[in-house]
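Throughout, residue positions are numbered sequentially from 1 according to the sequence presented.
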Amino acid sequence: SIPKKELEKSQIWEHEGKTLLHTAVDGTWVGMAALSDTLRKESQDVINEIKQYGLNIFLLTGDNKNSGEYFAQQLGIKNVYVELLPHEKVEQINNIKKSKGRVAMVGDGINDAPALAAADIGIAIGSGTDVAMETSDVILMKEDLRSVINALKLSKQVLKKIKQNLFWAFAYNASLIP
């Protein structure tokens with residue numbers, strides 16, 4: 001059994017979103033360690049800017065409930081799904097597509113690859129696994145998440161230019177060909 005002082009510390013660590021590793025020797029608890037992901041320093045700014053575009057944000061993670069909810073809370077993400085296996089991420093992507101429309105997914109790991117492929121636009125972080133990059137539509141060459149915002153802005157500019165070109169092509173054809 002875990003001593004009371006260490007049990008209290010483990011509960012604090014779990015509340016902070018850390019994953020605990022307990023060690024036992026011959027069935028007797030001897031210690032623990034805590035592992036934790038860290039947020040990228042630009043994460044909050046990127047999330048806030050995406051929200052300004054009026055887009056819905058979902059966090060799909062294989063991490064445990066405490067960890068996933070902790071990071072979602074830190075980033076102000078209300079839609080969080082935790083403890084997902086790769087096929088469950090795909091199911092969630094498909095559910096979101098049905099209820100919200102088009103889906104862009106950002107990921108970097110082998111566990112993200114199926115969901116990246118299932119999304120309308122899969123965006124892989126360039127430092128991620130080869131499988132994630134292979135199944136994505138867009139690969140960000142820098143690890144900086146602000147590149148997601150740059151890709152969003154670029155796609156809006158390209159779409160605007162396409163619409164302008166179509167307008168002028170139709171206007172030209174409608175007025176000058178007869």
Side-chain angles (χ1 to χ4, degrees), residues 1-24 29-100 103-119 121-129 131-133 135-136 138 140 142-152:
S1 76
I2 302 172
K4 184 177 179 180
K5 181 176 144 187
E6 282 75 12
L7 182 60
E8 290 171 358
K9 183 65 174 175
S10 71
Q11 291 169 342
I12 292 169
W13 282 351
E14 284 180 338
H15 181 71
E16 293 173 348
K18 296 177 179 166
T19 300
L20 300 180
L21 302 172
H22 293 274
T23 305
W29 183 91
V30 293
M32 67 180 170
L35 302 174
S36 177
D37 287 327
T38 56
L39 290 176
R40 296 175 188 254
K41 60 185 174 188
E42 71 274 9
S43 297
Q44 188 65 66
D45 292 337
V46 170
I47 295 295
N48 291 340
E49 194 161 347
I50 289 172
K51 285 180 179 178
Q52 288 177 356
Y53 280 97
L55 301 173
N56 295 303
I57 301 171
F58 293 79
L59 174 61
L60 308 177
T61 181
D63 291 346
N64 68 46
K65 184 177 189 298
N66 289 331
S67 182
E69 289 179 353
Y70 174 79
F71 286 113
Q73 180 186 5
Q74 294 298 306
L75 294 169
I77 299 173
K78 293 180 177 34
N79 305 301
V80 58
Y81 299 92
V82 297
E83 299 178 0
L84 297 178
L85 297 172
H87 74 278
E88 293 170 323
K89 287 183 183 181
V90 171
E91 290 171 12
Q92 287 301 329
I93 291 288
N94 290 330
N95 291 338
I96 295 166
K97 285 166 104 172
K98 288 176 187 169
S99 66
K100 301 289 184 184
V103 172
M105 161 87 181
V106 179
D108 66 353
I110 193 165
N111 293 333
D112 295 327
L116 288 166
I121 301 171
I123 303 172
I125 309 281
S127 62
T129 64
V131 171
M133 289 188 281
T135 58
S136 297
V138 176
L140 304 176
K142 296 191 285 185
E143 287 187 47
D144 191 337
L145 290 177
R146 286 182 286 256
S147 296
V148 172
I149 300 298
N150 294 339
L152 180 62

Please round to the nearest 0.5 Å and tell me the distance separating atom [atom1] of [X] and atom [atom2] of [Y].
| X | Y | atom1 | atom2 | value |
| --- | --- | --- | --- | --- |
| Asn56 | Ile50 | CG | CD1 | 11.5 Å |
| Asp108 | Leu116 | CG | CG | 9.0 Å |
| Lys9 | Ile2 | NZ | CD1 | 14.0 Å |
| Leu59 | Phe71 | CG | CZ | 9.5 Å |
| Ile96 | Asn79 | CD1 | CG | 7.5 Å |
| Asn66 | Lys18 | CG | NZ | 12.5 Å |

For [X] versus [Y], what's the shortest heavy-atom pair and its separation?
| X | Y | result |
| --- | --- | --- |
| Met105 | Ala119 | CB-CB, 3.6 Å |
| Pro114 | Pro86 | CG-CB, 4.0 Å |
| Trp13 | Ala34 | CE3-CB, 3.3 Å |
| Val80 | Gly68 | CG2-O, 3.8 Å |
| Ser43 | Leu75 | CB-CD2, 3.8 Å |
| Ala115 | Ile93 | CB-CG1, 4.0 Å |

Exercise. Let me see the working for Met32 and Ser10 under side chain to side chain contact (heavy atoms under 4.5 Å, CB included), right down to the final yes or no.
Key: CA-CA 8 Å; Met32 67 180 170; Ser10 71; 3.7 Å; yes

Taking the side chain as every heavy atom from C-beta outward, state whether [X] and [Y] have any pair of such atoms under 4.5 Å apart.
| X | Y | result |
| --- | --- | --- |
| Ile125 | Leu145 | yes |
| Val46 | Arg146 | yes |
| Asp45 | Glu49 | no |

Report yes or no: does [X] contribute a side-chain atom to a donor-acceptor pair with the main-chain N or O of [Y] at less than 3.5 Å?
| X | Y | value |
| --- | --- | --- |
| Lys51 | Ile57 | no |
| Asp112 | Gly109 | yes |
| Asp144 | Ser147 | no |

Practice problem: Given side chain to side chain donor-acceptor pair (under 3.5 Å), test Gln44 with Asn48 step by step and report yes or no. | Solution: CA-CA 6 Å; Gln44 188 65 66; Asn48 291 340; 3.1 Å; yes

Quiz item: Does a salt bridge link Arg40 with Glu143, judged by any charged N lying under 4.0 Å from a carboxylate O?
Solution: yes

Quiz item: What orientation do Tyr81 and Phe58 show, parallel under 30°, tilted 30 to 60°, or perpendicular over 60°?
Solution: parallel

Exercise. Give a yes or no on this: more than 12 heavy atoms of other residues, nucleotides or ligands lie within 6.0 Å of atom NE2 of His15.
Key: no

Quiz item: Just wondering, more than 12 heavy atoms not from Ile77 lying within 6.0 Å of its CD1?
Solution: yes

Quiz item: Which residue pairs satisfy the salt bridge (charged side-chain N to carboxylate O under 4.0 Å, His left out) criterion with at least one member in residues 57-70, sequence neighbours excluded?
Solution: Lys65-Glu69

